[in-house]
Structures are given as C-alpha cells and as structure tokens.
Amino acid sequence: MSDTEEFAQTLLEWFDRSGRHDLPWQQNKTPYRVWVSEIMLQQTQVQTVIPYYERFMEAFPTVEALAQADQEEVLSHWSGLGYYARGRNLLKTAQIVVNDFQGHFPQDLEGMMALPGIGRSTAGAVLSIASQQRHPILDGNVKRVLCRYNAVESWSGEKKTEAMLWKRADELTPEQRFDDYTQAIMDLGATLCTRSKPKCDACPVQKNCQAWQLNRVADFPYAKPKKAKPTREKAMTILLNENRQVFLQQRPQKGIWGGLWSLPEMSLDQHETHIKSKVETRCDKGLNLIEWPLFKHTFTHYHLIIHPFFLDEVSSIKLEGEWFTVSEALSKGLPAPIRKLIKQLESSND
DNA sequence: AAACCGGGGGG
DNA sequence: CCCCCAGGTTT
C-alpha cells in the first residue's frame with residue numbers, strides 16, 4: 001500500500017470508529033441539503049450550525065421553497081450566523097437552480113462554481129458528498145491538516161503554495177469512499193488537528209505526519225504574513241487667538257475619529273499655503289508658523305505621523321470650527337493623540 | 001486585541 | 001492578479 005493510500009485508509013478507519021455520523025446534513029444527502037450545510041459551515045462551527053440548519057430546513061425544505069422565499073425571510077433565518085452576503089447568495093443560487101436548471105444543481109465542477117457563493121472547495125464538497133463524484137476539497141481545516149502532514153514551509157495563501165496544496169489534496173483523495181473521506185478529513189481538522197493544542201496523541205495519521213516527525217507541529221501552518229501597516233502623514237495645526245483659545249473642528253461622522261473634535265488637519269504639502277489663505281494674525285511680518293516635534297499614533301490599519309504646526313495671535317479665520325479655551329478643549333471628546341498635543345499647550349503656558 | 005475563515009469584488 | 005472585506009468565534 002502506498003503512502004497516499006495509507007493516509008486515506010487510516011483516516012477512514014478512524015472516521016468509522018470515531019467520526020460523527022449523525023449530523024442533520026448527513027441524513028438524506030441531497031445536493032440541496034449538503035449545499036446549505038456547507039455554506040453554513042464555512043463560517044460557523046458544527047455545534048452552532050445544527051439548530052440553524054434544522055430551522056432553515058423546516059422553513060425551506062426544498063430548493064423550490066427557498067427560491068420562492070423573499071430575501072427578508074431568508075435573512076431572518078440567517079440572523080446570528082453573520083456574513084449576510086452569503087444568505088443573499090443562498091437565495092440567488094436557489095433561484096438560479098430553479099429557474100435555469102429545473103431545480104437540479106449542476107453536476108459538474110464548473111457549473112457548480114458558477115453559482116453565487118460557491119467556490120472550488122464548496123463545489124467539490126457538494127459533488128463529492130451528494131453526487132458521489134471524486135473531487136478534492138481544500139477548506140481551512142484541510143489546509144491545516146495538509147500543511148502539518150507535509151510540513152509545508154510557506155503560507156497557504158501564497159498562490160503557488162495553494163496550488164501545491166490542491167495537488168496534494170487531490171493525490172490523497174482515494175478512489176473509493178471519497179464522500180466519507182471528504183467528511184473525515186474535515187472532521188480531523190475540526191476535532192484533532194486544531195489550530196492550537198492539536199491532539200496529536202489521538203491522531204490516526206501521526207506516524208507519517210512530517211510536522212510530528214520533525215517535532216515542529218507548532219510551526220505549521222505558517223501564519224499569514226502580517227502586512228506592514230502603511231504610514232500616512234498629516235499636518236495638524238494648533239491655532240491660538242489673542243485670548244489663548246485653541247481652534248477645533250468637528251470631524252465628519254464617517255472615517256477616522258468620526259464626529260470627534262480635533263485640530264484642523266491638512267495634507268503636508270498643501271497646508272502652508274492653505275493656512276496662509278485662511279488665517280490672518282496680528283503680526284504683519286507674515287505667519288510665524290512653528291513646527292513642533294513629530295507625533296506618532298498607530299491605528300489598527302495604519303500609522304499616522306502627525307506634523308504639528310503652531311501659530312499664535314490669530315486674529316481672523318475662514319475655516320469651519322470654534323474657539324475654545326484650553327481647558328474647554330480638554331473637556332471635549334478628543335482623539336487621544338490630539339489630547340496629548342493640546343495638553344502640551346496647557347503645560348507650556350507662559 | 002488579533003487571527004481566522006471561502007468567496008466576491010475592486011483596484 | 002493581488003488585496004481587502006465581512007462579522008462572529010477563538011485564542
């Protein structure tokens with residue numbers, strides 16, 4: 001027996017012995033029932049899906065029943081599962097299947113993948129489980145299993161790694177009992193070969209697992225590379241009038257710091273000309289614009305480098321906003337870095 | 001707080 | 001093609 005045959009055989013023996021065989025979608029395995037389960041399971045664990053699946057099947061027992069529903073009704077049964085685009089795709093696909101295919105799902109991979117919300121892995125799973133066609137699958141569970149079993153030294157999101165994993169998934173899929181195998185390898189990933197603390201002691205394929213042999217199980221699968229956060233730079237201008245009041249603007253409701261009061265923000269290259277056109281001071285020798293030390297702030301998705309500029313003795317201004325005493329300003333809802341800047345104003349009070 | 005997840009859609 | 005996203009769960 002070859003290594004690949006041994007993998008499938010060992011997995012199937014484990015599945016017969018220890019796998020789950022009584023899940024709702026494992027009874028009466030029609031393409032419709034399997035498809036609904038696969039879509040729900042894409043985003044949610046088995047235990048959560050079970051009650052949703054049962055209510056959904058009661059409400060929409062057939063693809064015809066689903067196709068006739070309106071979107072609101074479908075989404076009400078989806079409510080709590082998240083990713084509502086997938087609930088909408090579910091309805092779209094049901095309508096296509098009923099209107100274009102007389103209620104029968106396409107029985108080939110291409111046709112299945114053309115339906116909204118169905119990609120290669122979901123198409124493979126439905127055709128394998130409901131239509132007894134041999135197709136590999138590669139969902140998150142399977143990727144994790146294969147990355148460990150083969151000690152894959154790269155992240156599965158890389159195109160070439162993913163292509164290799166599909167090839168490996170295909171090689172390991174047996175010629176017989178591929179429907180059970182599809183279930184089995186997903187079960188293995190979900191119950192034993194878990195993301196953290198995998199239960200290697202109970203694993204049926206431990207002996208040939210490369211990660212196990214290397215004693216490097218925790219190294220796989222490789223994590224997605226953290227994308228470097230982009231850096232953006234903005235000028236923020238601290239404007240003071242003769243009464244030592246500071247000028248604040250309320251930010252637009254949408255976007256960063258939505259609705260909060262903040263300093264006037266301008267792009268770096270335009271801000272000086274912009275200020276000159278909008279602001280006048282008592283000083284007649286031009287604007288005495290002073291740049292303060294750079295100020296850094298990190299958001300979830302980017303770094304912001306603030307170039308603070310300071311301008312005193314402002315006599316008139318043509319910008320939307322209001323003047324506040326420093327203590328008034330500090331009592332407002334300010335973004336944390338802006339608060340720190342304005343606090344410097346308070347302490348440098350002379 | 002951050003990683004994760006299948007497929008869709010935009011740049 | 002590559003990047004980003006949704007939105008709830010897990011760590």
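Both backbone and side-chain heavy atoms feed into the values below; hydrogens, waters and symmetry mates do not. Note that the coordinates shown come from a computational prediction; the quantities given were computed from them, not determined experimentally.
Listed by first and then second residue, the ring-ring contact (aromatic ring centres under 6.0 Å, His included) pairs involving residues 308-343 of chain A are Phe247(A)-Trp323(A), Trp261(A)-Phe324(A), His271(A)-Phe309(A), Trp292(A)-Phe310(A) (not counting sequence neighbours).
Distance from the side chain of Ser196(A) is smallest to dT11(C) among dC4(B), dG7(C), dT11(C). With dG8(C), dT9(C), dA3(B) as the candidates, the nucleotide lying closest to the side chain of Arg195(A) is dA3(B). Checked against dC4(B), dG7(B), dG7(C), the side chain of Tyr84(A) finds its nearest nucleotide in dG7(C).
Atom CZ of Arg88(A) and atom P of dG7(B) are 17 Å apart (whole Å). Between the C1' atom of dG7(B) and the CE atom of Met112(A) lies a distance of 15 Å, rounded to the nearest Å. Distance Lys224(A) NZ to dA2(B) C1': 12 Å, rounded to the nearest Å.
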Distance-only criterion, 3.5 Å: show the donor-acceptor pairs between side-chain atoms of residues 314-321 of chain A and protein atoms not counting sequence neighbours.
from      : atom 1 : to        : atom 2 : distance (Å)
Ser315(A) : OG     : Glu280(A) : O      : 3.1
Lys318(A) : NZ     : Ser277(A) : O      : 3.4

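Separation of the P atoms belonging to dT9(C) and dG8(B) is 23 Å when rounded to the nearest angstrom.
DNA chain B lies under 4.0 Å from no heavy atom of any residue of residues 69-76 of chain A. DNA chain B is contacted by Asp139(A), Gly140(A), Arg144(A) of residues 138-163 of chain A, taking any non-hydrogen atom closer than 4.0 Å.
Side-chain contact check for Glu38(A) and Gln42(A): no donor-acceptor pair (N or O, by modelled atom type) lies under 3.5 Å.
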Bracket notation of DNA chain B in which parentheses pair within the strand, [ ] cross earlier pairs, and | pairs with another strand (Watson-Crick or G-U, under 3.5 Å): |||||.|||||
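When heavy atoms are screened at a 4.0 angstrom cut-off, Thr122(A) is found touching the sugar-phosphate backbone but no base atom.
Hydrophobic cluster membership for Val217(A): Trp212(A) (Ile, Leu, Val, Met, Phe, Trp, Tyr linked by side-chain heavy atoms under 4.5 Å, directly or transitively).
In this structure, Lys92(A) and Leu41(A) both approach DNA chain B, and ranking their closest nucleotides by distance from the 5' end singles out Leu41(A).
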